[in-house]
Amino acid sequence: MVGSGPNGLAAALTLARAGLGVEVYEGASIVGGGTRTEALTLDGFRHDVCSSVHPTLVASPFFRSLDLPSLGVVLRQPEVAFAHPLGGGRAAAAYRSVDETASHLGGDGAAYRALVGPLVDWLDRIVAYALGPLRSVPKDPLALARFAVVGSPSIRYRTRHLSTDAARALLAGAAAHSMEPLTAPLTSAVGLLLTALGHGVGWPVVEGGSAAIAEGLVREVRRLGGDVRTGHWVHSIDELPGSARAVLLDVSPRQFLALAGRRVSARAGRPWRRFRPGAGSCKVDWALDGPVPWTAEPCRRTVTVHVGGTFEEVARSESAVRAGRHAEQPFVLVAQPCVVDPTRAPAGKHTLWAYCHVPNGSDVDMSERMEAQIERFAPGFRDLMLARSVRTAASAETYNPNMLGGNVNGGAQSLRQTLFRPVAQWNEYRTPVEGVYLCSASTPPGGGVHGMCGRLAAETALRERFSKG
Ligand SMILES: Cc1cc2nc3c(=O)[nH]c(=O)nc-3n(C[C@H](O)[C@H](O)[C@H](O)COP(=O)(O)OP(=O)(O)OC[C@H]3O[C@@H](n4cnc5c(N)ncnc54)[C@H](O)[C@@H]3O)c2cc1C
């Protein structure tokens, strides 16, 4: 195994559970990839460097197969899954209950219930597709068809019948996690699935920080006899033990080509070189003197706040990024873990985590624009700032080479790269090198902490390299 992100560790654990000997080589000095927690600002403040909010972990068949508390992974759930301030003390909010959410959406309440309610009722069946193998015979074609019908169009099209700014903004914010313009196909699938997860399983954080996820998985791999080494960058597949019967790479297609070197011909490598990295992100962490003073009450009862105003404002911000520009008023994804997890900061203090989308590889520090957006809905926020840490999209790859130009999803989650991820082939985890598999978020089901890329890649390797039949 190369790489110890959540997918690398999920793959390692899947192989170790099958009784195989596993060695994991991690380049960084600490394990976890996108699930690390570090003291980025002041003593006593612990920040999730990348991933912080974990609906896909709770829903993931891989993580559901584990006893999370025994691995030290304790989830902390906010009362409100996510909120979206609209100004004047108002906010749209995804409460845990669909009915409660709908009851706050005025004239769109019934339409919201009709759109989201069935997805929540069918959540397990839909998750089986959304987080399952892409090319397989559907066990439940009806659930697949229903999700395909509502999820295929853009979120702009899907919400065209909604009339309230609250309902439209709520779904726009969830859909913008796709890092695609709100006119792009499948943005409904992302937005509606995340919203349904908010109702069905919540949007929790991990007590003490996301690092507990990686640490728990590493402990389990080691308990089963596996070896996990840090500070060991792998520069070529040839450096790996020749005795390995399978090699799994928790890396991007670009890194795969570099690791494979001459083992991949120019022709075979062409589709891999075409893989698009997608938009980047500028990430900011703050140490705060207290909680963010949101004027809208639901924002104070949730971890995740989507800051960017109306549907049209969010759409403008995301379109600017696609056009290669930096939004003056960016859509900002904010997480305030201390609302449910006071262990992240000294008594009475808070940590704040946020990122906004920017053109790939941008070196622009967006912190002041992001702060202006937060201040807009939480006057007095700036007075609470004790320290901040900024990571531009350009510097992201230095931190983790998988973050291509600052992309958080392992590469663009466009229509093409959802259907053919990383390249068009029947089994997405295979590479042109025999016995070498890709298991990162650049394979299906893509970005997020769910470990399913790793598990499905490991299952492919088990079938192809270890099955006696
Ligand atoms: C800013 C940000 C915010 C995010 N927020 C969320 C969130 O709230 N919720 C959520 O579910 N997801 C979130 N994500 C996405 C999530 O973190 C990723 O999708 C996930 O971590 C991908 O896991 P992975 O195992 O594929 O790769 P990674 O987590 O990127 O891990 C890859 C690992 O491989 C190592 N590696 C790479 N190349 C080599 C090499 N040659 N030799 C040795 N080691 C190597 C890297 O050092 C790294 O540790 C966020 C991501 C970012 C960047």
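Computed from a prediction, not measured in an experiment: that's the story for all the values here. Note that ligands are numbered from 1 as they come in the structure, with each ligand's atoms numbered from 1 the same way.
The option from G280, C50, G448 that lies nearest to atom 3 (C) of ligand 1, judged by heavy atoms, is C50. Checking G27, A10, G34 against atom 29 (O) of ligand 1, the nearest heavy atom belongs to G34. For atom 30 (O) of ligand 1, the choice among I30, N400, V2, T230 with the nearest heavy atom turns out to be N400. Considering each of H232, E26, H450, E239, the one bringing a non-hydrogen atom nearest atom 35 (C) of ligand 1 is E26.
A salt bridge links E328 and R369; the closest N-O separation between the charged side-chain nitrogens and carboxylate oxygens is under 4.0 Å. The pair E318-R325 fails the salt-bridge criterion, with no side-chain N (NZ, NE, NH1 or NH2) lying under 4.0 Å from an Asp/Glu carboxylate O. In this structure, E459 does not pair ionically with R463, as no charged nitrogen and carboxylate oxygen lie closer than 4.0 Å. Between D365 and R388 there is no salt bridge, since no side-chain N of the basic residue sits under 4.0 Å from a carboxylate O of the acidic one. Ion pairing between a basic and an acidic side chain is recognised when a charged N comes within 4.0 Å of a carboxylate O; R430 and E464 show such pairing. Ionic pairing of R391 and D285 is not present here: no N-O contact between side-chain nitrogen and carboxylate oxygen is shorter than 4.0 angstrom. We find that E207 and R76 are joined by a salt bridge, their nearest charged nitrogen and carboxylate oxygen being less than 4.0 Å apart. A salt bridge is absent between R263 and E434: the closest approach of a Lys/Arg side-chain nitrogen to an acidic carboxylate oxygen does not fall below 4.0 angstrom.
Against a heavy-atom cut-off of under 4.0 Å, G33 is close to the following atoms of ligand 1: 29 (O), 31 (O), 48 (C), 49 (O). Interface of G8 with ligand 1, defined as ligand atoms under 4.0 Å from a residue heavy atom, comprises 25 (O). Heavy-atom proximity to T56, at under 4.0 Å, picks out these atoms of ligand 1: 11 (O). Atoms of ligand 1 found under 4.0 Å from any heavy atom of M403, numbered from 1 in the order shown, are 53 (C). The G447 neighbourhood of ligand 1 comprises atoms 19 (O), with distances under 4.0 Å to a heavy atom of that residue. Atoms of ligand 1 lying under 4.0 Å from any heavy atom of S440, numbered from 1 in the order shown and given with element: 26 (O). Under a 4.0 Å criterion applied to the non-hydrogen atoms of A441, ligand 1 contributes the atoms 22 (C), 26 (O). Those atoms of ligand 1 that come under 4.0 Å of a heavy atom in Y25, given as number and element, are 43 (C), 44 (N).
A heavy-atom separation below 4.0 Å is found between P401 and ligand 1. Taking 4.0 Å as the cut-off, N409 does not count as a neighbour of ligand 1 on heavy-atom distance. Proximity of T35 to ligand 1 is not established, as no heavy-atom distance is less than 4.0 Å. In this structure, R36 counts as a contact residue of ligand 1, since one of its heavy atoms falls inside 4.0 Å of the ligand. The closest approach between any non-hydrogen atom of C453 and ligand 1 is not below 4.0 Å. Heavy-atom distances between P6 and ligand 1 reach below 4.0 Å in at least one pair. Residue contact annotation: W353 has a non-hydrogen atom under 4.0 Å from ligand 1.
Between K349 and A345, the closest heavy-atom pair is O-CB, 3.5 Å.
Atom 34 (O) of ligand 1 has its closest protein heavy atom at G3 CA, 3.2 Å. Here the protein heavy atom with the shortest distance to atom 42 (N) of ligand 1 is V234 N, 3.0 Å. For atom 32 (C) of ligand 1, the closest non-hydrogen atom of the protein is N402 ND2, 3.3 Å. Counting protein heavy atoms only, atom 11 (O) of ligand 1 is closest to V449 N, 2.8 Å. Given atom 31 (O) of ligand 1, the protein heavy atom at minimum distance is G5 CA, 3.2 Å. In this structure, the protein non-hydrogen atom closest to atom 51 (C) of ligand 1 is V408 CB, 3.5 Å. Shortest contact from atom 38 (N) of ligand 1 to any protein heavy atom: Q255 NE2, 3.1 Å.
When only interatomic distances are considered, the shortest N/O to N/O separation between D250 and ligand 1 falls below 3.5 Å. In terms of polar-atom proximity, V251 is not counted as a contact of ligand 1, lacking any N or O under 3.5 Å from an N or O of the ligand. At a 3.5 angstrom cut-off on N or O pairs, V53 counts as close to ligand 1. No N or O atom of V49 sits closer than 3.5 Å to an N or O atom of ligand 1. The shortest N or O to N or O distance between R391 and ligand 1 is not under 3.5 Å. For ligand 1, none of its N or O atoms has an N or O atom of C439 under 3.5 Å away. Annotation: S51 places an N or O atom under 3.5 Å from an N or O atom of ligand 1; distance criterion only. Ligand 1 has a nitrogen or oxygen under 3.5 angstrom from a nitrogen or oxygen of N7.
Counting non-hydrogen atoms of other residues, nucleotides and ligands closer than 6.0 Å to CD of E239 gives a total above 12. The number of heavy atoms from other shown groups lying within 6.0 Å of CZ (R382) is above 12.
When each of V449, T56, L57 is tested with P6 by the rule side chain to side chain contact (heavy atoms under 4.5 Å, CB included), just one qualifies, namely V449.
Contacts between W233 and ligand 1 below 4.0 angstrom, taking non-hydrogen atoms only, involve backbone and side chain alike.
Side-chain atoms of S442 never come within 3.5 Å of backbone atoms of G411 as a donor-acceptor pair (strictly under, hydrogens ignored). Between the side chain of Q413 and the main chain of E180, no donor-acceptor pair closer than 3.5 Å is present.
No side-chain donor-acceptor contact under 3.5 Å links Y399 and E397.
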Margin query: Walk me through whether D227 and V24 qualify under side-chain contact (heavy atoms from CB on, under 4.5 Å).
Written below: CA-CA 6 Å; D227 187 13; V24 182; over 6 Å; no
Note to self: I'd like to know whether D48 forms a side-chain contact (heavy atoms from CB on, under 4.5 Å) with V53, so could you lay out the CA-CA distance, the side-chain angles of the two residues, the decisive distance to 0.1 Å, and finally the verdict.
What the structure shows: CA-CA 9 Å; D48 286 332; V53 184; over 6 Å; no
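Below 30°, between 30° and 60°, or above 60°: for F256 and W272 the angle between ring planes is between 30° and 60°, a tilted geometry. In this pair, Y355 and W353 present their aromatic rings perpendicular. The plane angle is above 60°, beyond the 30 to 60° band. Using the six-membered ring where Trp is involved, F82 and H306 have ring planes that are tilted, between 30° and 60° apart.
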